[in-house]
Amino acid sequence: MRVPLSWSYTRILAAENNTHMSEFLLLGLSQEPEVQPLIYVIFLSMYLTTVLGNLLIILAASSDPRLHTPMYFFLCNLSLVDICFTSTTVPKMLVNIQTQRKTISYEGCITQIFFYILFISLDDFLLTVMAYDRYVAICHPLHYMVIMNPRLCGLLVLGCWVLSLLNSSIEASVSLRLSFCPDVEIPHYFCELTQLIKLACSDTFLNNLVIYCLSVLEGGGPILGIIYSYSKIISSIRGMASTQGRYKAFSTCASHLSVVSLFYVTSMGVYLSSAVSESAYPSAVASVLYMVVTPMLNPFIYSLRNKDIKRALRTFFVQGTAKRSIVLH
């Protein structure tokens, strides 16, 4: 079969352009100059709230010996991942707005894709591990500390990191084979992988296949694990004779259920908005929900109704104030 000369020339030209192409243009959420200061203030406020809130969760859990339990160990890891997840995209966006430059280097774009996929995968897997922790705590309370021993907890977190690193490495490495035409404009505020693939001049079949397969494995596996865990939890709660016991068991899962619902609802919102709308703007706006808003709300969800977290923070700040008073005297 003879390949048309024009097609071959286009592929060669695209490959040459990819060799000389050194940066992309991030269009952001809005191209209106008067809106940029407002976007800057909003995102800076949300980013600082996210970092401060999640750091307080880590501080509370690590400073109080009574919170050195598997549940708070996983919560600390989730808070750390949320800080890293938001830091992957928001600081670069803020710098671009402040300097009035919308460019990102080719290397920076691939790096951003790698860490973005890494931390969103970690969020997904950690929420599944936390669901399993709640399942053991409610369905096997007498053997909870034996089953969820420090070694198993460490292995579960390590497994989350290994799977996430494998996932992000595959998707980032496959992205390296893409060729781009000059002056690539990404209609997003960060290097979103699906938007980048749409702008490629080369064949993207392999990239789309890898994304589809890994999305099914990464999304379907954890969702099934969470559904299974909570089906067992609900069955166990319904079998409890005491109303107070049922309420206490459900209250220990309420925060985690809220975070899981928020994470998957916003993720599905991004997927549906990109699938339904031909414009990239709805997808960019929807991605703000699970990339910025969700990590910001997680500390509030876990702390507002959690007496242990409130007590630990109160104790920490009271002791800190007392120590400062002693030093001043």
Side-chain angles (χ1 to χ4, degrees), residues 14 17-18 21 23-31 84-86 88-90 92-93 96 102-125 163-223 263-295:
N17 287 334
N18 182 49
M21 185 264 305
E23 60 184 19
F24 298 113
L25 192 66
L26 297 174
L27 298 182
L29 294 174
S30 174
Q31 299 187 54
C84 297
F85 184 36
T86 310
T88 303
T89 56
V90 176
K92 176 60 179 174
M93 176 191 182
N96 284 0
K102 297 183 177 182
T103 57
I104 184 171
S105 65
Y106 176 78
E107 294 79 7
C109 188
I110 298 298
T111 303
Q112 197 174 65
I113 288 173
F114 174 83
F115 285 107
Y116 153 71
I117 297 173
L118 170 64
F119 293 122
I120 195 173
S121 300
L122 273 168
D123 253 346
D124 200 5
F125 290 128
L163 291 174
S164 301
L165 280 168
L166 185 63
N167 181 32
S168 59
S169 299
I170 292 173
E171 296 206 31
S173 60
V174 173
S175 302
L176 293 172
R177 63 181 291 275
L178 294 174
S179 300
F180 300 93
C181 300
D183 304 324
V184 176
E185 295 183 346
I186 302 175
H188 220 295
Y189 66 93
F190 71 100
C191 281
E192 209 273 329
L193 183 57
T194 56
Q195 296 297 330
L196 195 68
I197 291 173
K198 290 178 182 179
L199 298 171
C201 295
S202 57
D203 180 40
T204 60
F205 174 77
L206 179 61
N207 297 79
N208 289 321
L209 180 64
V210 168
I211 288 177
Y212 177 78
C213 293
L214 291 178
S215 298
V216 170
L217 292 174
E218 181 194 345
I223 288 176
F263 178 81
Y264 281 106
V265 167
T266 53
S267 300
M268 287 299 296
V270 174
Y271 174 78
L272 292 175
S273 62
S274 60
V276 173
S277 176
E278 294 183 359
S279 173
Y281 180 73
S283 176
V285 174
S287 67
V288 175
L289 294 176
Y290 82 92
M291 291 201 65
V292 184
V293 177
T294 300

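Hydrogens, waters and symmetry mates play no part in the numbers below; they use all other heavy atoms, side chains included.
- Looking at residues two or more places apart in sequence or on another chain, you find a side chain to side chain donor-acceptor pair (under 3.5 Å) between N207 and R177.
- Considering all non-hydrogen atoms of both residues, A172 and I110 come closest at O-CG2, 4.3 Å.
- The nearest pair of heavy atoms linking T204 to A200 is CG2-CB, 3.8 Å.
- For the atom pair CG of D203 and CG of N208, the computed distance is 9.0 Å after rounding to the nearest 0.5 Å.
- The minimum heavy-atom distance linking S175 with Y106 is given by the pair O-OH, 4.3 Å.
- Scanning for side chain to side chain donor-acceptor pair (under 3.5 Å) contacts around D123 gives an empty result, with sequence neighbours left out.
- The backbone N or O of L166 sits nowhere less than 3.5 Å from a side-chain atom of S169 that would complete a donor-acceptor pair.
- Considering only residues two or more places apart in sequence or on other chains, L196 meets the side chain to side chain contact (heavy atoms under 4.5 Å, CB included) condition with F24, C109, I113, F180, I186.
- Contact annotation: the side chain of P187 approaches that of L199 to within less than 4.5 Å [non-hydrogen atoms, C-beta and beyond].
- Partners of T88 by side chain to side chain contact (heavy atoms under 4.5 Å, CB included), not counting sequence neighbours, listed by chain and number: Q112, F115, Y116, F119.
- To the nearest 0.5 Å, the span separating CE on M93 from CZ on F190 amounts to 11.0 Å.
- Evaluation of the ring-ring contact (aromatic ring centres under 6.0 Å, His included) rule for F263 yields no partner, not counting sequence neighbours.
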Worksheet entry | Intermediate values then yes/no, side chain to side chain donor-acceptor pair (under 3.5 Å), E192 and T194 | CA-CA 6 Å; E192 209 273 329; T194 56; 2.3 Å; yes
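- Taking CG of L193 as the reference point, atom NZ of K198 lies at 11.0 Å (rounded to 0.5 Å).
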Fill in: side-chain contact (heavy atoms from CB on, under 4.5 Å) between F85 and V90, intermediate numbers included
CA-CA 9 Å; F85 184 36; V90 176; over 6 Å; no
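- Checked against side chain to side chain donor-acceptor pair (under 3.5 Å), T103 has the following partners two or more places apart in sequence or in another chain: R101.
- Among residues two or more places apart in sequence or in another chain, the side chain to side chain contact (heavy atoms under 4.5 Å, CB included) test is passed with S215 by I211.
- Here C213 pairs with L209 under the side chain to side chain contact (heavy atoms under 4.5 Å, CB included) rule; sequence neighbours left out.
- Separation of atoms CG (L118) and OG (S164) is listed at 6.0 Å; rounding is to 0.5 Å.
- Residues forming a side chain to side chain donor-acceptor pair (under 3.5 Å) with S121 (at least two apart in sequence, or on another chain): N167, E218.
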Fill in: side-chain contact (heavy atoms from CB on, under 4.5 Å) assessment of L214 paired with E171
CA-CA 9 Å; L214 291 178; E171 296 206 31; 3.5 Å; yes
Practice prompt. Report the C-alpha separation of Y189 and N96 in whole Å, then their side-chain angles, then the decisive distance to 0.1 Å, and conclude whether the side chain to side chain donor-acceptor pair (under 3.5 Å) test is met.
Written response: CA-CA 9 Å; Y189 66 93; N96 284 0; over 6 Å; no
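- The closest donor-acceptor contact from the side chain of T294 to the backbone of M291 lies at 3.5 Å or more, if one exists at all.
- Here the CG atom belonging to L163 is positioned 10.5 Å from the CG atom belonging to D124, to the nearest 0.5 angstrom.
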Discussion item. L26 vs H188, test: side-chain contact (heavy atoms from CB on, under 4.5 Å). Steps then yes/no.
Written reply: CA-CA 6 Å; L26 297 174; H188 220 295; 5.5 Å; no
